[in-house]
Amino acid sequence: NIIKKILVIGQTSGGSEKIFRKVAESVGVSGDRLECYLDYFDAKKIDFEKFRNNPEYCAILLGPLPHSGKSKGEYSSIVAMLEHEPGFPRTLKLGKNGLKLTASSLQLGLSQLASEGVIK
């Protein structure tokens with residue numbers, strides 16, 4: 001049984017990779033499963049195509065990131081592309097009113113994925 005990775009992409013509003021790994025552990029997810037890109041501009045450089053139909057990943061959690069990036073194609077934003085193109089892992093926007101990546105929004109997102117059975 002492969003332990004699938006969870007991508008965390010976006011600008012953090014207080015919180016570091018170390019803190020996020022502890023948050024994951026607090027909801028029963030190994031912190032080692034998180035693959036974090038916590039700079040606002042990281043999403044511009046990521047080739048999201050490498051995550052399409054990739055069995056190593058089960059989810060993509062999104063915080064604040066640029067609309068545009070090299071993978072968005074005809075879509076208005078990277079987020080829209082991830083949500084509408086087939087083959088991508090479950091994509092979840094973090095934050096209640098707009099994208100926000102904090103320890104608490106990450107905890108809520110991971111809990112939601114666990115309740116949906118996306119992460120085991």
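Each residue takes its place number in the sequence, starting with 1.
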The reported gap from NZ in Lys93 to CG in Leu62 (rounded to nearest 0.5 angstrom) is 8.5 Å
Quick one: closest heavy-atom pair of Pro89 and Ala59, and the distance? CB-N, 3.6 Å
At their closest point, which heavy atom of Cys58 faces which heavy atom of Ile6, and how far apart are they? SG-CG1, 3.8 Å
Determine whether Tyr75 and Glu85 make a side-chain contact, defined as any pair of heavy atoms from C-beta on separated by less than 4.5 Å. yes
Is it the case that the side chain of Gln107 and the backbone of Val23 share a donor-acceptor pair, with hydrogens and angles ignored and the cut-off at 3.5 Å? no
Measure across Ile78 and Ser68 and return the closest heavy-atom pair with its distance rounded to 0.1 Å. CD1-O, 3.6 Å
Just how far is it from atom OG1 of Thr91 to atom CD1 of Ile60, taken to the nearest 0.5 Å? 4.0 Å
Single-linkage hydrophobic cluster Leu106~Ile119, side-chain heavy atoms < 4.5 angstrom: yes
To the nearest 0.5 Å, atom OG1 of Thr102 lies from atom CG of Leu94 at 8.0 Å
Is Phe20 reachable from Leu92 through a run of I, L, V, M, F, W or Y residues, each pair having side-chain heavy atoms under 4.5 Å apart? yes
Got a salt bridge between Glu17 and Arg21, using NZ or NE/NH1/NH2 to carboxylate O under 4.0 Å? yes
So which heavy atom on Gly31 is nearest to which on Ala24, and how close? CA-CB, 4.1 Å
Between Glu49 and Arg52, does any NZ, NE, NH1 or NH2 come within less than 4.0 Å of an OD or OE carboxylate oxygen? yes
Within the 4.5 Å heavy-atom criterion, are Leu108 and Ser111 side-chain neighbours or not? no
Hey, what do you get for CD (Gln11) to CG (Leu38), rounding to the nearest 0.5 Å? 9.0 Å
For the CG atom of Leu65 and the OG atom of Ser77, what is their distance to the nearest 0.5 Å? 7.5 Å
Honestly curious: do Leu113 and Leu82 fall in one hydrophobic cluster under the side-chain, below-4.5 Å linking rule? no
Separation of Phe41 CZ from Ile46 CD1 (nearest 0.5 Å): 13.5 Å
Is Leu7 reachable from Leu99 through a run of I, L, V, M, F, W or Y residues, each pair having side-chain heavy atoms under 4.5 Å apart? yes
Tightest non-hydrogen contact, residues Gln112 and Ser115, listed as O-OG, 2.8 Å
For Glu35 and Tyr57: C-alpha separation, side-chain torsions, deciding distance, then whether side chain to side chain contact (heavy atoms under 4.5 Å, CB included) applies. CA-CA 10 Å; Glu35 187 174 310; Tyr57 295 87; 2.8 Å; yes
Test side chain to side chain contact (heavy atoms under 4.5 Å, CB included) on Phe88 and Met81; report intermediate values, then the result. CA-CA 9 Å; Phe88 285 101; Met81 184 273 300; 3.5 Å; yes
Would you please test Leu110 and Leu61 for side chain to side chain contact (heavy atoms under 4.5 Å, CB included) and show each step? CA-CA 9 Å; Leu110 290 170; Leu61 298 176; 3.8 Å; yes
